[in-house]
Undergrad: 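Quick one: the structure is below, and I'll ask about it shortly.
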Amino acid sequence: EPKRVLGKLLFWDEQLSSDDTMACGTCHRPQFGGGDPRVALHPGPDTLFGTPDDRLASPGMVHADDADDYELDPLFGFEPQVTPRTAPTVVNAAYAPELFWDGRAGGTFVDPETGNISLPFGAALESQVVGPPVSSAEMAHTSRDWSEITAKLATVRPLALATDLPPDLAAVMANDPSYPDLFAAAFGSGAITAERIAFAIATYERTLIADQTPWDRFMAGDTSALTASQQIGWQVFQSQGARCGACHTPPFFTNQSFRNIGLRPVAEDLGRQEVTGNPGDRGRFRVPTLRNAALKPRLFHNGGVLSSPLENMVDVIEFYLGIDGHVHFPDNLDPIIPTIAIAPQDLPPLADFLTGGLVDPRVAAETFPFDRPTLASERRAEHLVVIPGTGNAGSGGVVPQIIAQSPPASGSNSFRLGIHSALPDAPAYVGLFTAPPTQTTPRRLFPVTIGPEGYATWHASIPPSASLVGVDLYAQWLVSDGGAVGRVARTDLVRLTVF
């Protein structure tokens with residue numbers, strides 16, 4: 001139990017990321033079927049937005065270099081990067097022998113710090129856990145390693161950025177433990193390692209089992225658990241023509257295989273072939289579970305960007321049938337796809353079964369074990385607000401732009417503000433004000449030199465002072481620029497409410 005609670009704390013702690021903006025749970029929300037409700041566009045392999053190979057996936061972090069300074073990203077500029085595939089569900093992931101859409105997180109868990117095999121089999125969850133914290137798109141700056149992650153966790157207050165802690169986490173945090181205290185309770189000593197982080201988070205994830213759907217109750221003998229329409233849909237699901245169960249095999253509603261369903265041309269994403277090197281795996285992706293699929297805002301590895309957009313579950317079924325404008329790309333298409341046949345009158349009850357019969361109400365309502373805290377990123381508008389129109393243009397009539405992502409939390413050592421589109425190599429200051437600035441507003445100025453490409457980052461620590469909590473501060477970059485009115489270009493103000 002101490003290991004499960006530690007894993008739950010870590011899973012929902014945004015401090016696991018390098019800039020305090022991303023937790024594992026940021027992309028995996030139970031209410032949304034264990035997926036990500038946020039919508040962001042990835043341009044796909046052609047790197048052009050607004051073309052057919054675009055994907056709808058998850059926003060991550062603004063790109064940062066080895067020093068954790070903001071850096072121009074070739075695809076996303078100074079906006080958050082976007083993952084190239086959607087976030088798969090974490091619910092019932094305990095049963096998968098390989099994880100990620102391409103299965104690259106296998107059952108053998110190798111300790112990323114020592115290179116030793118920690119678990120020889122059955123450890124896909126552990127293998128998956130250690131990927132995102134060092135991914136420069138998801139949770140890290142470039143070249144972040146586990147020594148930096150573990151050192152940070154040794155000094156921060158667990159789950160310090162979150163509110164509305166569920167009862168199990170609130171009970172543990174009532175004594176104000178440190179992470180070393182929690183690791184000692186779980187593992188016998190306070191040492192924080194990548195291996196232990198993986199063990200703890202995977203232990204928590206193994207409790208996220210959704211097995212109380214109407215279908216489960218129906219199969220247990222409650223004939224009223226499924227509506228009449230859903231019972232017809234269940235019969236259609238099992239029919240030889242629909243062939244749903246060939247891949248989405250009950251009771252898991254996946255057989256964990258990898259299939260190419262003709263969603264997009266293979267060249268856009270090789271999928272499983274990138275892991276195995278086998279050309280026969282080109283375009284294949286792991287079959288997702290249909291449990292709680294109705295809660296997910298986006299389906300498929302690319303977010304459901306098809307030859308025509310998905311509207312609802314009937315439309316999803318119509319994709320498999322290749323009707324209503326949907327097409328299947330033929331290269332390496334799974335032979336089962338052309339054999340699927342469902343009568344038009346059977347589509348509504350099948351869709352009803354998939355949407356109403358396979359949702360666990362505890363997942364939808366986020367009740368134990370699917371309960372969770374509220375993340376700081378969900379409350380960003382409460383403590384981080386850019387005030388448009390408060391900047392001042394510099395050379396070329398360009399207003400330098402502020403980058404404001406990090407939460408202004410009391411005691412934070414990871415706070416930073418960035419600037420881009422400023423005069424290169426210019427002297428600059430970050431000004432902190434107690435109110436929107438005037439000539440007489442009290443302020444502090446922190447000198448920073450703009451880099452040769454016109455961007456820079458200011459790092460700061462926020463004192464752990466109760467007197468700061470709830471205080472509004474205003475921040476603005478001031479750039480020495482002879483082309484600006486008054487020879488000073490300014491970014492928009494950002495209001496920081498310390499919490």
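The structure presented is a predicted model; accordingly, all values stated were derived computationally and were not measured.
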Undergrad: Taking the six-membered ring of F258, is NZ or CZ of R272 closer than 6.0 Å to its centre and within 45° of its axis?
TA: yes
Undergrad: Any sub-3.5 Å donor-acceptor pair from K296's side-chain atoms to P88's backbone N or O?
TA: no
Undergrad: Side-chain contact test, heavy atoms from C-beta onward, threshold under 4.5 Å: evaluate it for F415 versus P408 and give yes or no.
TA: yes
Undergrad: What pair of heavy atoms forms the shortest contact from V448 to V430, and how long is it?
TA: CG2-CG2, 4.5 Å
Undergrad: Might you point out which heavy atoms bring L72 and G77 nearest each other, and give the distance in Å?
TA: CD1-CA, 3.6 Å
Undergrad: Within the supplied structure, the quantity of interest is the number of heavy atoms (other residues, nucleotides, ligands) at a distance under 6.0 Å from Y429 OH; does it exceed 12?
TA: no
Undergrad: Have Y70 and W458 got a donor and an acceptor in their side chains that come within less than 3.5 Å?
TA: no
Undergrad: Rounded to the nearest 0.5 Å, how far apart are OH of Y179 and CG of L182?
TA: 7.5 Å
Undergrad: Are side-chain heavy atoms of D472 and T434 found at a separation under 4.5 Å?
TA: no
Undergrad: Please check if any side-chain donor atom of D65 sits under 3.5 Å from a side-chain acceptor atom of T142, or the reverse.
TA: no
Undergrad: For the residue pair D20 and S406, confirm or rule out a side-chain donor-acceptor distance under 3.5 Å.
TA: no
Undergrad: Would you say the side chains of S412 and S414 form a donor-acceptor pair under 3.5 Å?
TA: no
Undergrad: Could you grab the distance from atom CG of L270 to atom CZ of R282, nearest 0.5 Å is fine?
TA: 9.5 Å
Undergrad: With sequence neighbours excluded, tell me which residues meet salt bridge (charged side-chain N to carboxylate O under 4.0 Å, His left out) with D19.
TA: R416
Undergrad: Given 3.5 Å as the limit, does a donor-acceptor pair link the side chain of W477 with the main chain of P400, or not?
TA: no
Undergrad: Verify side chain to side chain donor-acceptor pair (under 3.5 Å) between S189 and R196, making sure each step is shown before the conclusion.
TA: CA-CA 11 Å; S189 75; R196 287 179 166 186; 3.0 Å; yes
Undergrad: What do the steps show when you test V471 against L496 for side chain to side chain contact (heavy atoms under 4.5 Å, CB included), and what is the final call?
TA: CA-CA 8 Å; V471 171; L496 311 170; over 6 Å; no
Undergrad: With a 4.5 Å cut-off on side-chain heavy atoms, are L48 and D53 touching?
TA: no
Undergrad: With a 3.5 Å distance limit and no angle check, can you tell me whether K152 reaches the backbone of L16 through a side-chain donor-acceptor pair?
TA: no
Undergrad: What is the distance from atom CG of D68 to atom OG1 of T457, rounded to the nearest 0.5 Å?
TA: 8.0 Å
Undergrad: Salt-bridge test for R284 and E98: reply yes if a basic N is under 4.0 Å from a carboxylate O, no otherwise.
TA: no
Undergrad: Hey, mind stepping through T89 and N292 against side chain to side chain contact (heavy atoms under 4.5 Å, CB included) and telling me if it holds?
TA: CA-CA 9 Å; T89 182; N292 303 296; over 6 Å; no
Undergrad: Rounded to the nearest 0.5 Å, what separates atom CG in L432 from atom OG1 in T441?
TA: 12.5 Å
Undergrad: With no hydrogens and no angle check, do the side chains of Q401 and H420 hold a donor and an acceptor under 3.5 Å apart?
TA: no
Undergrad: Verify the distance criterion only: is there a donor paired with an acceptor across the side chains of N92 and T289 at less than 3.5 Å?
TA: no
Undergrad: Closer than 3.5 angstrom, by distance alone: can the side chain of S127 be matched with the main-chain N or O of G106 as a donor-acceptor pair?
TA: yes
Undergrad: Return the CG to CG distance between L161 and D13, rounded to the nearest 0.5 Å.
TA: 6.5 Å
Undergrad: Would you call R372 and E378 a salt bridge, taking side-chain N to carboxylate O under 4.0 Å as the test?
TA: yes
Undergrad: Is there a donor-acceptor contact under 3.5 Å from the side chain of R104 to the main chain of Q128?
TA: no
Undergrad: Identify the heavy atoms of P464 and S410 that sit nearest to each other, and give their distance.
TA: CA-OG, 3.4 Å
Undergrad: Quick one: are P407 and F499 in side-chain contact, heavy atoms under 4.5 Å?
TA: yes
Undergrad: Taking atom CZ of R487 as the centre, report whether more than 12 heavy atoms of other residues, nucleotides or ligands fall under 6.0 Å from it.
TA: no
Undergrad: More than 12 foreign heavy atoms under 6.0 Å from CD of E79: is that the case here?
TA: no
Undergrad: Do we see a donor-acceptor contact under 3.5 Å between the side chains of D315 and H326?
TA: yes
Undergrad: So, for A484 and A489, which heavy atoms are closest and what is the spacing to 0.1 Å?
TA: CB-N, 3.6 Å
Undergrad: Are F300 and F285 close enough that their ring centres sit under 6.0 Å apart?
TA: no
Undergrad: Has R298 got a side-chain atom pairing as donor or acceptor with D36's backbone, closer than 3.5 angstrom?
TA: yes
Undergrad: Less than 3.5 Å apart, any donor N or O on the side chain of T21 or Q405 sitting next to an acceptor on the other?
TA: no
Undergrad: Determine whether the side chains of N302 and H42 contain a donor N or O and an acceptor N or O closer than 3.5 Å.
TA: no
Undergrad: Apply side chain to side chain contact (heavy atoms under 4.5 Å, CB included) to residues D425 and T449 and explain how you reach the verdict.
TA: CA-CA 6 Å; D425 299 314; T449 300; 5.5 Å; no
Undergrad: Between D176 and R157, is the closest basic N to carboxylate O distance under 4.0 Å?
TA: yes
Undergrad: Between R38 and S58, is any pair of side-chain heavy atoms under 4.5 Å apart?
TA: yes
Undergrad: Test V479 against V488 for side chain to side chain contact (heavy atoms under 4.5 Å, CB included), laying out the working first.
TA: CA-CA 5 Å; V479 182; V488 177; 5.9 Å; no
Undergrad: Strictly by modelled atom types, are R379 and T497 linked by a side-chain donor-acceptor pair under 3.5 Å?
TA: no
Undergrad: Taking all heavy atoms of V129 and all of A202, pick out the closest pair and write down the distance.
TA: CG2-N, 4.3 Å
Undergrad: Measuring only between side-chain heavy atoms, which start at C-beta, is R55 closer than 4.5 Å to P84?
TA: yes
Undergrad: Can you tell if the side chain of L263 reaches within under 4.5 Å of the side chain of F329, non-hydrogen atoms only?
TA: no
Undergrad: I'd like to know if the side chain of D481 reaches the main chain of G394, judged simply by a donor and an acceptor atom lying under 3.5 Å from each other, with no hydrogens or angles considered.
TA: no
Undergrad: Would you check if L493 and V386 make a side-chain contact, meaning some heavy-atom pair closer than 4.5 Å?
TA: no
Undergrad: For the side chain of Q476 and the backbone of T491, is there at least one donor-acceptor N/O pair under 3.5 Å apart?
TA: yes
Undergrad: Given 3.5 Å as the limit, does a donor-acceptor pair link the side chain of S135 with the main chain of G131, or not?
TA: no
Undergrad: If you compare all heavy atoms of Y474 against all heavy atoms of I387, which two are closest, and at what distance to 0.1 Å?
TA: CE2-CD1, 3.9 Å
Undergrad: Could you tell me whether R85 sits above the aromatic face of F100, with NZ or CZ closer than 6.0 angstrom to the six-membered ring centre and within 45 degrees of the axis?
TA: no
Undergrad: Quick check against the 3.5 Å criterion: does E138 have a side-chain atom that pairs as donor or acceptor with the backbone of G60?
TA: no
Undergrad: Give, for atom CD of Q81 and atom NE2 of H63, the distance between the pair rounded to the nearest 0.5 Å.
TA: 6.0 Å
Undergrad: Taking only distance into account, with no hydrogens and no angle test, what donor-acceptor pairs under 3.5 Å do side-chain atoms of residues 4-11 form with protein atoms, sequence neighbours excluded?
TA:
from	atom 1	to	atom 2	distance (Å)
R4	NE	E1	OE1	3.0
R4	NE	E1	OE2	3.4
R4	NH1	D168	OD2	3.2
R4	NH2	E1	OE2	2.7
R4	NH2	D168	OD2	3.0
K8	NZ	D168	OD1	3.2
K8	NZ	D168	OD2	3.0
K8	NZ	D371	OD1	2.6

Undergrad: With no hydrogens and no angle check, do the side chains of T26 and E14 hold a donor and an acceptor under 3.5 Å apart?
TA: no
